[in-house]
Amino acid sequence: MDLVEGGCFCGAVRYRARGEPSNTMVCHCQSCRRIAGSPVVAWLTFARDQFAFTAGSPVEFSSSPAVRRTFCGACGSPLTYTIADTPETIDITTCSLDNPEAFPPTHHSWLSHDLAWVRFGDGLPTFSQWRNDRS
Ligand SMILES: [Zn+2]
Ligand SMILES: [Zn+2]
């Protein structure tokens with residue numbers, strides 16, 4: 001089963017990805033927090049050429065010079081993240097998947113931006129920025 005489907009809350013924007021994600025993590029960075037209005041955001045990384053929007057067109061904006069993020073213009077769900085450094089990959093918000101249970105995170109990133117009251121207790125490794133092996 002290597003077909004992953006998901007979309008925004010209202011259903012206007014839908015996407016599909018193929019293959020296994022190369023990364024699955026929970027991000028504690030300030031940008032993710034503010035774009036989602038949420039203490040943390042879980043992300044999956046897929047090959048960009050294996051990802052496509054299948055319905056609707058998300059709104060795109062730059063959250064920092066090298067970063068493009070998309071969200072649904074109708075309901076606001078954050079959907080994707082791309083960064084110029086790694087043009088071959090795209091990150092998808094894990095919880096916009098139809099089945100987010102399929103990809104539990106392996107670690108937490110950007111604890112240097114963490115809110116003091118966020119407590120997980122899941123025992124997963126934590127990193128002050130990106131995990132060291134991120135290319
Ligand atoms: Zn929507
Ligand atoms: Zn983040």
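Start at 1 and go down the list; that is how both ligands and their atoms are numbered. What you are looking at is a predicted structure, and each value in this text was computed from that prediction instead of being measured. As a basis for the values below, the full set of heavy atoms in this structure was taken, side chains included, without hydrogen atoms, waters or symmetry mates. This chain uses plain numbering: 1 for the first residue, then up along the sequence.
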Problem set entry | Sole residue of Thr126, Asp114, Asp122 in side-chain hydrogen bond (donor to acceptor under 3.5 Å, both in side chains) with His108 |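 For His108, the side-chain hydrogen bond (donor to acceptor under 3.5 Å, both in side chains) test succeeds with only one of Thr126, Asp114, Asp122, which is Asp122.
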
For this session: Only one of Asp98, Thr94, Thr93 passes side-chain hydrogen bond (donor to acceptor under 3.5 Å, both in side chains) with Ser96; say which it is.
Result: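 Per the side-chain hydrogen bond (donor to acceptor under 3.5 Å, both in side chains) rule, the option paired with Ser96 is Thr93, out of Asp98, Thr94, Thr93.
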
For this session: Examine all N, O or S atoms of His113, backbone included, and report whether one is under 2.8 Å from the Zn ion (ligand 2).
Result: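 Coordinating: no.
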
Problem set entry | Heteroatom test (N, O or S) for His28 near the Zn ion (ligand 2), limit 2.8 Å |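 So His28 does not bind the Zn ion (ligand 2) by this criterion.
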
Problem set entry | With the Zn ion (ligand 1) as the apex, the SG/SG angle for Cys72 and Cys8 - to 10° |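 Taking the Zn ion (ligand 1) as the apex, the two atoms subtend 100°.
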
Problem set entry | Metal-centred angle, the Zn ion (ligand 1) as apex - SG of Cys75, SG of Cys10, 10° resolution |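 Cys75 SG and Cys10 SG form an angle of 110° at the Zn ion (ligand 1).
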
Problem set entry | Vertex the Zn ion (ligand 2), arms to Cys32 SG and Cys27 SG, rounded to 10° |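 The SG/SG angle about the Zn ion (ligand 2) sits at 130°.
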
Exercise. Would one find more than 12 heavy atoms of other residues, nucleotides or ligands at under 6.0 Å from atom CZ of Arg48?
Worked result: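 Atom CZ in Arg48 is crowded, with more than 12 foreign heavy atoms closer than 6.0 Å.
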
For this session: Please tell me if the side chains of Tyr81 and Thr70 come closer than 4.5 Å, counting only heavy atoms from C-beta onward.
Result: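 Not in contact.
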
Problem set entry | Aromatic plane relationship, Phe71 with Phe61 - under 30° parallel, 30 to 60° tilted, over 60° perpendicular |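 If you compare the ring of Phe61 with that of Phe71, the planes turn out perpendicular.
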
